[in-house]
S.K.: 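Have a look at this one.
Throughout, protein chains are lettered first and strands after them, A, B, ... in sequence-line order, and every chain is numbered starting at 1. Because only heavy atoms are used, hydrogens play no part in the values below, and waters and symmetry mates are left out as well, while side chains stay in.
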Protein chains: 2
Amino acid sequence: MASQRGEGETTATPLEPADRERARAIPEAAVARLAVYLRVLSGMADQGVTAVSSEELSQAAGVNAAKLRKDLSYIGSYGTRGVGYDVEVLVSHIERILGLTRNHSVAVVGIGNLGHALANYGGFPGRGFPVTALFDVDADLIGVPVGGIPVSHIDDITAVCLEREVSIGVIATPPPAAQSVCDRLVSAGVQCILNFAPVVLQVPDNVEVRKVDLAVEMQILSFHVARRADEAASVSVGNGLGVDGMVIRP
Amino acid sequence: MASQRGEGETTATPLEPADRERARAIPEAAVARLAVYLRVLSGMADQGVTAVSSEELSQAAGVNAAKLRKDLSYIGSYGTRGVGYDVEVLVSHIERILGLTRNHSVAVVGIGNLGHALANYGGFPGRGFPVTALFDVDADLIGVPVGGIPVSHIDDITAVCLEREVSIGVIATPPPAAQSVCDRLVSAGVQCILNFAPVVLQVPDNVEVRKVDLAVEMQILSFHVARRADEAASVSVGNGLGVDGMVIRP
DNA sequence: CCGACTTTGTGCATGCGTTCACAAGCGGTA
DNA sequence: TACCGCTTGTGAACGCATGCACAAAGTCGG
Ligand SMILES: NC(=O)c1ccc[n+]([C@@H]2O[C@H](COP(=O)([O-])OP(=O)(O)OC[C@H]3O[C@@H](n4cnc5c(N)ncnc54)[C@H](O)[C@@H]3O)[C@@H](O)[C@H]2O)c1
Ligand SMILES: NC(=O)c1ccc[n+]([C@@H]2O[C@H](COP(=O)([O-])OP(=O)(O)OC[C@H]3O[C@@H](n4cnc5c(N)ncnc54)[C@H](O)[C@@H]3O)[C@@H](O)[C@H]2O)c1
């Protein structure tokens, strides 16, 4: 905050702020929502919609309109007051901020149930995430093409990842193998990991990990059911009995 | 505070009024972490570990020790100062708070790539989430057993869900079908939905939805790569030029 | 029985994210 | 051109979550 003079005065200088500054300041939660807005906007563009207001877009994205505008303000001021946003302009700016102007090559490790589903999934390439490498230890799988790509042996992971410039590694191995696979990905230079194995991965600071943990998702849902059932019980009965008289038991 | 020696103990009991208050106040973020602690603790229990300190547990769960203690304090005071926590006691109390003292029957809708993986996955039943119903529209799939359960037709969803007391519905259909499937689940009385389709679902207030959106996860990773690459560029090049030629100030 | 040591549980400050409310700005209209 | 109605962009207030730091409360050795 050193450059601009004037204190809290209105930003009458629209071109001044640098994108890099902004990108650094975007809250993680907002980044996740930007990705959702992008998808909604792409859908609108496909249907020929060219302009959209914050109200419309926020409803389609399932968020509060004020939050949406705040989120968009993190990436710049690309709307027109009194009118709304140009869909294509917004799409291109969100893509730029999210780093989607270039492709990010993806490697899937562990071609079992889940790995097959991921490798066969057609939704990634179109969004800039081509799956370019598959790995497994199972000898029967090596060389077999899945979703058009032959499975490589896990021992070749470094060479293959470097060669195909893999930037995102997806871990779909059984839990015991996950940390070891992660370590190998990291030493192959992969800095982004999406982990499906229910394990807490240890990684160096320069590596970004996101986990998808279905059991945790279900348990969160379970918590809400329990809380709701419990509230109902406390209103109607007031003791430890469930709604339909069923005692909650281990 | 309210914890007395000798009362309750390790047996999971129905929520008492004090716990009910607590459950209502637990932050969502803490609930998600409790589920992780539970998994780590279960693993420890399986390996014969009987006691654990907040420091150990927090490292295994990949969080700050203070945060872990705060999270545990939301469910009560079950530790022993100077010693730590009894693994089994903690497990049973977390399970109770998360509503895992009873099974939650799961239905999967859309038995394609992903639906097959989910239906075949062995990790859910053991954690209290038995998959008891599968649905699809594809005539070729109806009646075919996947993971031991025959696929039902989507039109039978209400009857089957009621009969098997489904409490969690998993949507793994193509995006265009998701909202319609969701509506059907809701009218079948399902109050918890886990959605894999990249669509924003509209549901009544009494229904809880969680989404798993892989494209969004990857885009968040992409954002971090871009941010990092950008920082690196500004350090190594140091010419103060941004991505689009804008001047970046130090 | 005491005192030293260990670890929990939590009050408090801090920072982040969400929400509100409204001035600023733009297009349309007369 | 001047006015009007609409929508954006954002300062400011609020609320929630995180992390710190320490008193309270327990164990253990002597
Ligand atoms: N299938 C699901 O729906 C689902 C749901 C939630 C979580 N998960 C998790 O996702 C992971 C994969 O699940 P799955 O059902 O596909 O399991 P799976 O057993 O079907 O497949 C695992 C694959 O990983 C391979 N593998 C094992 N060790 C390896 C190693 N060291 N290097 C490379 N490959 C290795 C195996 O050969 C196998 O092909 C598991 O951790 C599971 O807990 C799966
Ligand atoms: N496969 C993946 O790895 C992956 C990754 C991310 C997201 N997704 C999302 O998950 C969903 C499923 O993906 P997939 O690869 O399994 O797709 P898929 O096409 O393989 O399977 C979809 C299944 O849903 C069934 N279906 C279609 N309409 C239905 C309806 N109205 N009622 C019931 N069933 C219906 C189809 O018959 C088919 O069996 C999609 O929304 C996809 O975007 C999948």
S.K.: Please compare A:N64 and A:E28 by the position of their nearest nucleotide in DNA chain C and report the one closer to 5'.
M.R.: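 That would be A:E28.
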
S.K.: For B:V207 and B:V190, work out which heavy atoms get closest and say how close.
M.R.: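 Where B:V207 meets B:V190 most closely, the heavy atoms are CG2-O, 4.1 Å.
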
S.K.: Mind calculating the distance between NZ (B:K67) and P (C:dT7) to the nearest angstrom?
M.R.: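 About 22 Å, once rounded to whole Å.
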
S.K.: Where the side chain of B:P27 is defined as all heavy atoms beyond and including C-beta, which of C:dT18, D:dA17, D:dT18 is the nearest nucleotide?
M.R.: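 The listed nucleotide nearest to B:P27's side chain is D:dA17.
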
S.K.: Taking CD from A:E55 and P from C:dC20, how many angstroms apart are they, rounded to a whole number?
M.R.: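 Whole-Å distance recorded here is 12 Å.
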
S.K.: Do A:S222 side-chain atoms and B:L98 backbone N/O form a donor-acceptor pair below 3.5 Å?
M.R.: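 Checked: pair present.
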
S.K.: Among D:dG9, D:dC20, C:dG9, which is the nearest nucleotide to the side chain of A:S73?
M.R.: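 Looking only at side-chain atoms, A:S73 lies closest to D:dG9.
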
S.K.: Would one find a side-chain N or O of B:S54 under 4.0 angstrom from OP1 or OP2 of C:dT7?
M.R.: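 No, outside the criterion.
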
S.K.: Find the distance B:Y78:OH to C:dG9:P and express it as a whole number of Å.
M.R.: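 Spelled out: OH on B:Y78 to P on C:dG9 is 10 Å.
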
S.K.: Between A:R81 and D:dG5, does any side-chain N or O lie under 4.0 Å from OP1 or OP2?
M.R.: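 Answer no for this pair, as no side-chain N or O of A:R81 is under 4.0 Å from OP1 or OP2.
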
S.K.: Atom CG of B:L57 and atom P of C:dT7: how far apart are they, to the nearest Å?
M.R.: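 One finds 14 Å between P of C:dT7 and CG of B:L57, rounded.
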
S.K.: Heavy atoms only: give me the nearest A:S53-A:Y85 pair and the separation to one decimal.
M.R.: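 Looks like C-CD1, 4.5 Å.
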
S.K.: Can you check the B:L34 CG to D:dA17 P distance for me, whole Å?
M.R.: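 So the two atoms are 13 Å apart, to the nearest Å.
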
S.K.: Which distance, rounded to the nearest 0.5 Å, do you find between the CD of A:E88 and the OG of A:S42?
M.R.: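 Result: 10.0 Å between the selected atoms.
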
S.K.: B:Y74 has an atom OH; how far is it from atom P of C:dG11, in whole Å?
M.R.: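 In whole Å, C:dG11 P and B:Y74 OH are 12 Å from each other.
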
S.K.: Any base atoms under 4.0 Å from A:A29, or only sugar-phosphate, or nothing? Heavy atoms, all strands.
M.R.: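 Since only primed, P, OP1 and OP2 atoms lie under 4.0 Å of A:A29, the category is sugar-phosphate.
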
S.K.: State plainly whether the residues B:R210 and B:E28 are in salt-bridge range, i.e. N to O under 4.0 Å.
M.R.: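 Salt bridge between B:R210 and B:E28, a charged N being under 4.0 Å from a carboxylate O: yes.
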
S.K.: Round to the nearest Å and state the distance from A:D71 atom CG to C:dG17 atom P.
M.R.: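 Taking CG of A:D71 and P of C:dG17, I get 11 Å after rounding.
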
S.K.: Is there a side-chain contact between A:Y85 and the phosphate of C:dC26, meaning an N or O under 4.0 Å from OP1 or OP2?
M.R.: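 For C:dC26, OP1/OP2 do not have a side-chain N/O of A:Y85 under 4.0 Å.
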
S.K.: With respect to the phosphate group of D:dG26, does any side-chain polar atom (N or O) of B:T80 fall under 4.0 Å of OP1 or OP2?
M.R.: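 Answer no for this pair, as no side-chain N or O of B:T80 is under 4.0 Å from OP1 or OP2.
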
S.K.: Can you tell me the distance, in whole Å, between the CG atom of B:L72 and the P atom of D:dT18?
M.R.: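 Rounding to the nearest Å, CG of B:L72 and P of D:dT18 are 13 Å apart.
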
S.K.: Taking OP1 and OP2 of C:dC22, is either one under 4.0 Å from a side-chain nitrogen or oxygen of A:R69?
M.R.: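 Checking A:R69 against C:dC22: no side-chain N or O falls below 4.0 Å of OP1 or OP2.
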
